[in-house]
There are 4 protein chains.
Amino acid sequence: MKKREEPPREEGPLRADAARNRERVLAVARELLASGDASLQMNQIARAAGVGVGTVYRHFPTRQDLLEALVNEHLQALLDQARAAEEAEDARLGLRRFLRAVLDLLLADVGLAEVLNAQRDAHTQTSRLKAELFAANDRLLKRAHRAGLVRAEIGADDIQRLMCGIEHAVRIGEDRRALAERYLTILLDGLRPA
Amino acid sequence: MKKREEPPREEGPLRADAARNRERVLAVARELLASGDASLQMNQIARAAGVGVGTVYRHFPTRQDLLEALVNEHLQALLDQARAAEEAEDARLGLRRFLRAVLDLLLADVGLAEVLNAQRDAHTQTSRLKAELFAANDRLLKRAHRAGLVRAEIGADDIQRLMCGIEHAVRIGEDRRALAERYLTILLDGLRPA
Amino acid sequence: MKKREEPPREEGPLRADAARNRERVLAVARELLASGDASLQMNQIARAAGVGVGTVYRHFPTRQDLLEALVNEHLQALLDQARAAEEAEDARLGLRRFLRAVLDLLLADVGLAEVLNAQRDAHTQTSRLKAELFAANDRLLKRAHRAGLVRAEIGADDIQRLMCGIEHAVRIGEDRRALAERYLTILLDGLRPA
Amino acid sequence: MKKREEPPREEGPLRADAARNRERVLAVARELLASGDASLQMNQIARAAGVGVGTVYRHFPTRQDLLEALVNEHLQALLDQARAAEEAEDARLGLRRFLRAVLDLLLADVGLAEVLNAQRDAHTQTSRLKAELFAANDRLLKRAHRAGLVRAEIGADDIQRLMCGIEHAVRIGEDRRALAERYLTILLDGLRPA
DNA sequence: GATGAATGAGCATTCATTCAT
DNA sequence: AATGAATGAATGCTCATTCAT
């Protein structure tokens, strides 16, 4: 929780070895998240990355910092997908593709949902990405409303929550690929105006 | 993890004071689950209940024992609801009422989903209740299939997973009452044959 | 450690059921000692004996009380053996038989050595038995000295210690019967005047 | 019981402060063993050494690790003594000196007997030392057999057990120095062919 | 910057002993 | 007398975080 008392250095480019360590830590953490272990224990990560704990703490003072660093790549990826979806000819297909991408990433990265649902972010970049994603999501949704694909009372926040719910449902089961497809279909059908 | 070597004594009625303590422990644990804390730490519970740790362990040798004791009441309640739903005139209404009850209980008791999704149970009673609930769920679902309310490929296990997912979605949001209603509607609409 | 505040009842005969319980506790404890478990945990004993812990404590306020109650029978048995050995024609044979009996009982009852080597006893009876045993041991030894079987500087306390040592050596090995015989022979040969 | 998952890192020389702490822990543990307390409780040791529990665990993940670390020095010392004894002119004197050394160390270190008699070791080094010691013991014994000093049926394992037994006998008494000498003499005399 | 040893609070669990029933 | 529920100190062990090297 404590902030470093160092001069708030200006985000200059890291020294080569520092950058290498940072990447190693991120890579290891990513694997752990992907394997379903969301505990992100600093010592464990340090050991697996072959660096000292101190190094992990230097790059990521809190678990939240690390988590956001990992997740932000995925947030950016989602943002790209959302923008691509906006370009899509078919509103329905665009929406579905986007939501499928969301679902896949939520399943691949246990940390993503955690960050998405967090009330506060450690980094403004995270907040910015989340806001942009939300906005894109909202635009897609507005288009879907206009196309009669989604009932009026559903907002982007509902979509976000429902996607996290679907992820949960899929995660509980065995055959994730099949369930993802099945439950997404149910969701999209259910969203249509009655 | 170690099991007590005590003979599986015949569970006669508890002494008055023992029963009082047991209830106090359960009450405290229930509150914790309701508040969203599913960690169920023995020391914490003992402190909050105003009893010694040993007392908690006497009544519930493992966290799992305690968890199942709490959840079994709710499983039984759900079972009753499921049976009532089977009696309902209207298949659609019966199903909806039942699922709403499931959702409410899942929201009120974070332990419920945990037990429901656990592969193994500590007590046979838990397994029995889960099996009976599943069976009732399955009967309700069969009836819904026949009534054309639910698409054919959806099984009782899907329902169980989807309900856990919906719970998750609702829990993330603010106004649980409204969201529960809204998302349940979406689910039921989505489940209908295309 | 605390003594009961009850009137120091005059050791009147126990009520029939009390006597039965006392025997059950002793029987269970005996088995535990024989099985090599010298921990004598009150709860464990109570459970195995089918009585409440309180009952065990009533009969044997401390672990030491219980231990001595168990061991005293064996001390008495040894005393009988020692007296029989004193009657024996052959000093050497008498001594050997006695020491063999000591060894067998030490092996059969892990508590025996503990009591034998304790500095203080809980019951005067134990002290009396130990003293009598020591005296008998001493008489046997004196006779052995006169018969030139044991070197002069060896006292009854040495014998006691050496027997506990031999017991230990035998206990470490596998084939207790064979080792007991072998090591006892070595001891007796070693004790002879140089 | 759980083993650390750390890579079996190459045991480079410790940092100065780490080495100091390690030694402090070992010193405290040594004293405890010497005082006859073989329980080696981690918290107790940490407190007495003036370090945190974690430090003890870092250096010695299990009680067994600590125990073997302490004992291995003594095993090595014994091995040296055994080899010196093999060089001795006089077989009898060599054997006696060696056994005396064994006895002294067993008395000075309650852990030694425990490790010596353990079926399994945590470290291969311990197993190696034990095996080498046993082999040296065996060679000394063979030489004693040839010199007519020890009866044929006695093996190195008997010697090991008997030494533990003698240690026990000495430990029970008061004047350890005198008893060690006395009982060792009895043992050696007793071992001679009849 | 990097390291990793050290710290100690915190949770799990056991067991000797007391005392209300 | 008997019961066994309750107690809580004691011990084991983990892990997030700090800081000397």
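So that the names make sense, note that chain A is the first sequence line, chain B the second, and so on, each numbered from 1. Because the structure is a prediction, the values reported are computed rather than measured.
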Tell me which of Arg63(B) and Val56(D) sits closer to the 5' end of DNA chain E, going by the nucleotide each one is nearest to. Val56(D)
Between Val53(D) and Val53(A), the residue closer to the 5' end of DNA chain E by nearest nucleotide is Val53(A)
Gap between atoms CZ and P, on Phe60(B) and dA6(F) respectively (whole Å): 11 Å
Within residues 111-120 of chain B or reaching into it, pairs that qualify as side chain to side chain donor-acceptor pair (under 3.5 Å) - sequence neighbours excluded: Arg63(B)-Glu114(B)
Carefully, step by step, assess Leu33(C) and Leu67(C) under the rule side-chain contact (heavy atoms from CB on, under 4.5 Å). CA-CA 9 Å; Leu33(C) 283 191; Leu67(C) 191 60; 4.2 Å; yes
CZ-OG1 distance between Arg58(A) and Thr55(A), expressed to the nearest 0.5 angstrom: 8.5 Å
Strictly distance-based, threshold 3.5 Å: is any side-chain N or O of Asp65(D) a donor or acceptor partner for the main-chain N or O of Thr62(D)? yes
Taken to the nearest whole Å, CZ/Arg22(D) to P/dA6(E) is 11 Å
Atom CG of Asp65(D) and atom P of dG12(F): how far apart are they, to the nearest Å? 15 Å
Does OP1 or OP2 of dG1(E) have a side-chain N or O of His59(A) closer than 4.0 Å? no
Using the criterion of both pairing distances under 3.5 Å for Watson-Crick and G-U wobble pairs, give all stems of 3 or more consecutive pairs involving DNA chain F. E:2-21 with F:2-21
Across all chains, not counting sequence neighbours, the side chain to side chain donor-acceptor pair (under 3.5 Å) partners of Asp121(A) are Ser127(A), Lys130(A)
Could you list the donor-acceptor pairs under 3.5 angstrom formed by side chains in residues 24-32 of chain C, with sequence neighbours left out?
residue  : atom : partner  : partner atom : Å
Arg30(C) : NH1  : Glu73(C) : OE1          : 3.1
Arg30(C) : NH1  : Glu73(C) : OE2          : 2.7

Gap between atoms CZ and C1', on Arg24(C) and dA2(F) respectively (whole Å): 12 Å
Pick the nucleotide of DNA chain F nearest each of Asp17(D) and Asp17(B); which residue has the one closer to the 5' end? Asp17(B)
Check every atom of dT3(F), dG1(E), dA6(F) against the side chain of Arg58(A) and return the nucleotide holding the closest atom. dG1(E)
The side chain of Thr55(D) is closest to which nucleotide in this list: dT3(E), dA1(F), dA6(E)? dA6(E)
Has the side chain of Arg22(A) got a donor or acceptor atom that lies under 3.5 Å from a matching backbone atom of Phe60(A)? no
For Arg20(D) and for Gly50(B), locate the closest nucleotide of DNA chain F by heavy-atom distance; then report the residue assigned to the nucleotide nearer the 5' terminus. Gly50(B)
Under 4.0 Å: is that the gap between some side-chain N or O of Asn21(B) and OP1 or OP2 of dA6(F)? yes
So which nucleotide from dA6(F), dG12(F), dT18(E) ends up closest to the side chain of Tyr57(D)? dG12(F)
Can you name the side chain to side chain donor-acceptor pair (under 3.5 Å) partners of Thr126(B), sequence neighbours left out? Glu68(B), Asn72(B)
Near DNA chain E, counting only heavy atoms under 4.0 Å, which residues of residues 26-48 of chain B show up? Gln41(B), Met42(B), Asn43(B)
Compile the donor-acceptor pairs under 3.5 Å between side chains in residues 36-47 of chain B and protein atoms, sequence neighbours left out, one pair per line.
residue  : atom : partner  : partner atom : Å
Asp37(B) : OD1  : Ser39(B) : N            : 2.8
Asp37(B) : OD1  : Ser39(B) : OG           : 2.7
Asp37(B) : OD2  : Ser39(B) : OG           : 3.4

